[in-house]
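Side chains are part of it too, since the values below use all heavy atoms of this structure and drop only hydrogens, waters and symmetry mates. In what follows, every chain begins at residue 1, and chains take the letters A, B, ... in the order their sequences are listed.
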Number of protein chains: 2
Amino acid sequence: MAEMMGVVAPSPEAGSKPAQILEAAGKLFLENGYGAVSMDAVAKTANVSKATLYAHFRSKDELFAAMVACECRNQMGTLSCEQVSRLDVADALRLIGRRFMLMLLSSKALAAYRVVVAEAHRFPELARAFYESGPAHSHAQMAAYLRDVDRRGVLRIPDADLAAEQFFGLLKVQIHTRFILCIDPQLPESEIERVVNAAVDLFTKGYAPDPR
Amino acid sequence: MAEMMGVVAPSPEAGSKPAQILEAAGKLFLENGYGAVSMDAVAKTANVSKATLYAHFRSKDELFAAMVACECRNQMGTLSCEQVSRLDVADALRLIGRRFMLMLLSSKALAAYRVVVAEAHRFPELARAFYESGPAHSHAQMAAYLRDVDRRGVLRIPDADLAAEQFFGLLKVQIHTRFILCIDPQLPESEIERVVNAAVDLFTKGYAPDPR
DNA sequence: GTCTATATACAGATAGAC
DNA sequence: GTCTATCTGTATATAGAC
């Protein structure tokens with residue numbers, strides 16, 4: 001189980017049986033969790049026999065891991081910070097914030113978070129891989145941006161890594177928890193705006209250079 | 001399933017069979033999640049026959065719900081804000097922050113969060129009950145405190161509810177995610193201190209009254 | 001590689017004696 | 001109320017034909 005986690009399996013060519021299976025697995029696992037999904041259900045959804053399924057994935061564990069890896073690949077690059085660097089800092093933070101919120105609260109990201117959290121004990125390597133390619137990835141980009149902002153003297157940020165975490169923390173607030181727990185059905189655009197603006201205001205004021 | 005969720009079952013008297021069962025269920029479910037725990041295992045751990053188990057809890061679902069409710073009861077009141085109001089605001093926030101972190105990162109709270117998240121789809125009422133007696137409860141206390149702070153003019157907080165969320169967001173940062181995903185094994189006291197101090201600094205500076 | 005059919009194991013839940 | 005023993009369904013995984 002732990003062995004194949006390091007070796008990132010290549011993405012199967014679209015339309016092939018493995019691709020069908022992974023797609024079905026993604027749909028089912030993300031919606032229902034690991035325990036509640038049977039291999040029968042995966043085979044049926046993928047329009048494939050169970051034997052074929054086992055020909056491509058040696059076990060349910062391996063299929064689950066492959067599916068999470070696949071979903072992680074598909075979610076990447078949502079937070080590219082290229083054109084951001086030419087904007088005013090507050091505007092840039094608002095843009096980053098809005099993007100981050102949309103990504104964070106997308107049903108795919110929420111579902112992936114749920115299943116990985118649920119199985120973190122049994123699949124620690126999987127949880128780590130998810131963390132690296134998700135939260136840690138965004139965090140690193142953000143920290144790099146904030147180091148640049150500090151260098152330009154627009155804000156005074158002594159610890160960019162911590163500040164990056166703080167900024168994302170200000171965005172997630174309770175909303176993330178509420179979505180994860182299925183308390184809120186959907187979020188109005190205005191609410192996102194409100195939270196993002198409040199986060200940017202607090203952040204820029206809190207990290208403003210001393211006026212002397 | 002949804003029916004008994006509203007009716008909060010009374011806590012069984014200590015030492016009784018139901019109490020033994022709930023204790024065993026807590027230990028097993030919190031450690032392994034809903035799907036991976038069998039009723040056999042619960043019965044065995046509780047030193048009780050399976051028939052006795054079913055005499056007290058009609059189904060696995062009902063046992064799971066009762067166990068979460070029980071754990072929620074046992075975790076409450078960790079954040080009382082009474083003596084806090086006499087402290088300097090920054091000291092008070094540091095105290096609240098440290099307490100919040102210890103509670104948030106306790107193995108019990110993390111385990112409860114994991115299992116509730118994992119089953120939020122199938123047990124929405126349970127997730128809501130957890131949210132109300134956990135995050136929402138702390139949030140309400142914090143918002144009340146911040147309203148008082150605003151009234152006294154020490155800080156200028158236009159939206160205490162949002163500010164309360166922001167403060168907790170600044171505390172959770174990535175640490176919570178890292179613990180939930182079992183990335184970090186344990187947190188040194190100094191790291192808690194660092195995060196709490198940074199949160200309080202940013203919060204107090206960002207919500208400082210305008211100097212005019 | 002892909003299928004149908006099946007082996008094997010274990011889960012949740014219950015019957016019936018005490 | 002509590003136990004031992006068991007029913008019944010369903011899950012993972014495989015055997016063997018095409």
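- The terminal axes of the helix from C:dG1-D:dC18 to C:dC18-D:dG1, fitted over 5 pairs per end, subtend an angle of 10° to the nearest 10°.
- As a whole-Å value, the separation of A:Asp61 CG from D:dA13 C1' is 13 Å.
- Using a 4.5 Å heavy-atom threshold, the side chains of B:Leu93 and B:Arg98 count as separate.
- Legend: residues meeting salt bridge (charged side-chain N to carboxylate O under 4.0 Å, His left out) with A:Glu119, ordered by chain and number and at least two apart, are A:Arg122.
- With sequence neighbours excluded, no residue forms a side chain to side chain contact (heavy atoms under 4.5 Å, CB included) with B:Ser107.
- Atom C1' of nucleotide D:dA11 and atom CG of A:Leu63 are separated by 15 Å, given to the nearest angstrom.
- Scored by the salt bridge (charged side-chain N to carboxylate O under 4.0 Å, His left out) test, A:Asp148 finds A:Arg151, A:Arg152 as partners (sequence neighbours excluded).
- Sorted by residue number, the list of members of residues 21-35 of chain B with any non-hydrogen atom under 4.0 Å from DNA chain D is empty.
- Side-chain contact check for B:Tyr207 and B:Gln166: at least one donor-acceptor pair (N or O, by modelled atom type) lies under 3.5 Å.
- Pairs passing the side chain to side chain donor-acceptor pair (under 3.5 Å) check and including a residue from residues 180-190 of chain B, sequence neighbours excluded, read B:Arg178-B:Asp184.
- Side-chain N or O atoms of A:Asp150 include one that pairs as donor or acceptor with a backbone N or O of A:Ile157 at under 3.5 Å.
- Remark: A:Lys108 engages A:Glu71 in a side-chain hydrogen bond (donor to acceptor under 3.5 Å, both in side chains) (not counting sequence neighbours).
- Residues passing the salt bridge (charged side-chain N to carboxylate O under 4.0 Å, His left out) test with A:Glu191, sequence neighbours excluded: A:Arg194.
- The existence of a salt bridge linking B:Asp159 and B:Arg147 is excluded, since no basic side-chain nitrogen approaches an acidic carboxylate oxygen closer than 4.0 Å.
- Each of A:Lys50 and B:Thr52 lies near DNA chain D, and the nucleotide nearest B:Thr52 is the one positioned closer to the 5' end.
- Each of B:Ala55 and A:Val37 was assigned the nucleotide of DNA chain D with the nearest heavy atom; the assignment lying further toward the 5' end belongs to B:Ala55.
- Considering only side-chain N and O atoms, A:Tyr54 lies under 4.0 angstrom from the phosphate OP1 or OP2 of D:dA13.
- In the region residues 39-47 of chain B, proximity to DNA chain D at under 4.0 angstrom, judged on heavy atoms, holds for none of the residues.
- Taking a heavy-atom distance under 4.0 Å as the criterion, the stretch of DNA chain C touched by chain B extends 5' to 3' from C:dA11 to C:dA15.
- Every side chain to side chain contact (heavy atoms under 4.5 Å, CB included) that A:Ala136 has, sequence neighbours left out, goes to A:Tyr131, A:Glu132.
- Remark: B:Ala90 engages B:Asp88, B:Arg94, B:Val200 in a side chain to side chain contact (heavy atoms under 4.5 Å, CB included) (not counting sequence neighbours).
- Within 4.0 Å (heavy atoms only), A:Ser38 reaches sugar-phosphate atoms of the nucleic acid but no base atom.
- In this structure, A:Tyr34 has its ring center closer than 6.0 angstrom to the ring center of A:Phe123.
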